[in-house]
Protein chains: 2
Amino acid sequence: MEFRETQAIYLQIADRFFENILQKKWVSGDKIPSIRDMAVEFEVNPNTTMRTFNFLQDKGVIYNKRGIGYFLADDGLEKTIALKKEQFLQEELPMFVKTMQLLGLTLDDLKTYVQRNPLSDN
Amino acid sequence: MEFRETQAIYLQIADRFFENILQKKWVSGDKIPSIRDMAVEFEVNPNTTMRTFNFLQDKGVIYNKRGIGYFLADDGLEKTIALKKEQFLQEELPMFVKTMQLLGLTLDDLKTYVQRNPLSDN
DNA sequence: GGTAGTGTACTAGTTACTTAGTACACTACA
DNA sequence: TGTAGTGTACTAAGTAACTAGTACACTACC
């Protein structure tokens, strides 16, 4: 996987976790692929994916069973929505609106873009 | 000034430069405040602002007169627009749309937000 | 018991970013 | 000429992120 240079890799991987949760590919109680498997999938060091797991456990999104693996918490979806929403409202949205303003783009331009770029293929 | 932890400080300062240029607070040929003054204003080490200046000079947005200072290039505004637009279209916009989709937000929600949050106060 | 698959805990080393401090060359100007 | 304000070039140090490798304890299962 390719990563942006502007953000730590383990956080970008966390975002992929959030996607899986929000898209309900992972649901409460599901076992999450192991730290080692994730490292192979994302082509990073296991230590890096471990940081992602620690980060998400700290947020209460996943929990651990010793010797078995990590699982999605009962309220994992709710916590993920809360986390993403907070980040979106406090950081992403204001920056986005500011950039649109600076570039002189309108909501109609955005509408056109969205129509031309079907929202999902993953 | 407070900085986000997810992006290098010198790049966040560069964004402030871009704002000044896009808002036409700085126009072609204008002398830009010195590396040392900028360091004081942003409360960082002069080495850090120097990285911003080097970055922007590398992009062709500003140029240097030895012993005098940095100045906004003739096509500084155009280059800034091009840079921001590219970044916006390739990174910010796709991520933004994806997050909106994941959170189940619509363009109407966005419209409401924009109406409630007047676009500028700087 | 043995084995494979888990997470965990280390040491070590590299790179990027940031700060701190010093020194020096160039330009403008009194 | 002297001085203040520029950029520039260093050394040194600290932190975060990332990689590499090893070792160990726990759990499930044959």
Side-chain angles (χ1 to χ4, degrees), chain A residues 1-18 20-21 26 28-73 76 87 91, chain B residues 1-18 20-21 26 28-73 76 87 91:
Chain A
M1 175 179 168
E2 289 183 4
F3 298 99
R4 294 184 301 280
E5 286 184 0
T6 51
Q7 193 183 28
I9 290 175
Y10 81 96
L11 291 177
Q12 296 184 52
I13 293 176
D15 266 334
R16 296 292 294 267
F17 279 42
F18 288 143
N20 286 334
I21 296 167
W26 296 347
S28 296
D30 272 6
K31 184 177 181 309
I32 291 165
S34 76
I35 287 179
R36 287 178 175 83
D37 283 351
M38 284 299 205
V40 172
E41 180 182 341
F42 290 115
E43 301 172 75
V44 297
N45 192 283
N47 293 337
T48 303
T49 47
M50 189 167 68
R51 294 202 62 174
T52 303
F53 280 73
N54 287 336
F55 173 72
L56 292 175
Q57 187 176 42
D58 194 57
K59 297 292 184 186
V61 174
I62 61 179
Y63 66 93
N64 172 252
K65 287 185 187 174
R66 278 195 308 172
I68 304 180
Y70 280 93
F71 299 81
L72 185 58
Q87 184 195 344
E91 296 177 24
Chain B
M1 174 177 169
E2 290 182 1
F3 298 98
R4 294 185 301 281
E5 287 184 359
T6 49
Q7 194 182 26
I9 289 175
Y10 82 94
L11 291 177
Q12 295 183 53
I13 294 176
D15 265 334
R16 297 293 292 267
F17 279 41
F18 288 144
N20 286 335
I21 295 167
W26 295 346
S28 295
D30 273 7
K31 183 177 182 310
I32 291 166
S34 77
I35 286 179
R36 287 177 175 83
D37 284 350
M38 284 298 206
V40 171
E41 180 181 341
F42 290 114
E43 301 172 76
V44 297
N45 193 281
N47 292 337
T48 303
T49 46
M50 189 168 69
R51 292 205 63 174
T52 303
F53 279 73
N54 287 336
F55 173 72
L56 292 175
Q57 186 175 44
D58 194 58
K59 297 292 184 187
V61 174
I62 61 179
Y63 65 93
N64 173 252
K65 287 185 187 174
R66 278 196 308 173
I68 305 179
Y70 279 93
F71 299 81
L72 185 58
Q87 185 194 346
E91 297 178 21

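Because the structure is a prediction, the values reported are computed rather than measured. All heavy atoms count here, side chains included; hydrogens, waters and symmetry mates do not. Numbered from 1 within each chain, the chains take letters A, B, ... in sequence-line order.
Taking only side-chain nitrogens and oxygens, A:S34 comes nearer than 4.0 Å to OP1 or OP2 of C:dT6. Residue B:Y70 places at least one side-chain N or O closer than 4.0 Å to OP1 or OP2 of D:dT8. Dashed line: the shortest gap from a side-chain N or O of A:T48 to OP1 or OP2 of D:dT19 is under 4.0 Å. Contact between the side-chain N/O atoms of B:R36 and the OP1/OP2 oxygens of D:dT6 is not found at any separation under 4.0 Å.
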Would you tabulate the pairs of protein nitrogen or oxygen atoms and nucleotide nitrogen or oxygen atoms of nucleotides 25-30 of chain D closer than 3.5 angstrom?
none

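Shown for residues 1-8 of chain A: residues whose heavy atoms fall under 4.0 angstrom of DNA chain D, namely A:A8.
Rounding to whole angstrom units, CZ of residue A:F55 and P of D:dA16 are separated by 16 Å. A straight line from CE of B:M38 to C1' of D:dG7 spans 14 Å, rounded to a whole angstrom. For the pair B:I35 CD1 and D:dA9 P, the computed distance is 10 Å after rounding to whole Å. When the C1' atom of D:dA17 is taken as reference, atom CG of A:N45 falls 11 Å away, rounded to whole Å. Counting to the nearest Å, the C1' atom of D:dC18 and the CZ atom of A:F42 are 16 Å from each other. Summarising the geometry, the separation between CD1 on B:I32 and P on D:dG5 is reported as 20 Å, rounded to the nearest angstrom. For the pair B:M50 CE and C:dT22 C1', the interatomic distance rounds to 13 Å; values are reported in whole Å. At whole-Å resolution of the value, CD1 in B:I9 and C1' in D:dT15 are 12 Å apart.
A donor-acceptor pair is defined here as one N or O able to donate and one able to accept, closer than 3.5 Å; such a pair exists between the side chain of A:E43 and the backbone of A:M1.
In this structure, A:A73 and A:G60 approach most closely via the heavy-atom pair CB-O, 3.5 Å.
When the nucleotides C:dC17, C:dT8, C:dT6 are ranked by their closest atom to the side chain of A:D37, C:dT6 comes out on top. Across C:dT8, C:dC17, C:dG21, the shortest atom-to-atom separation from the side chain of B:N47 is found for C:dG21.
Side chains of A:I32 and A:M38 form a contact here, defined as non-hydrogen atoms less than 4.5 Å apart.
A cation-pi contact links A:K65 to A:F71, judged by a cut-off of 6.0 Å to the six-membered ring centre and 45° from its axis.
The aromatic rings of B:F42 and B:F3 are tilted relative to each other, their planes meeting at an angle between 30° and 60°.
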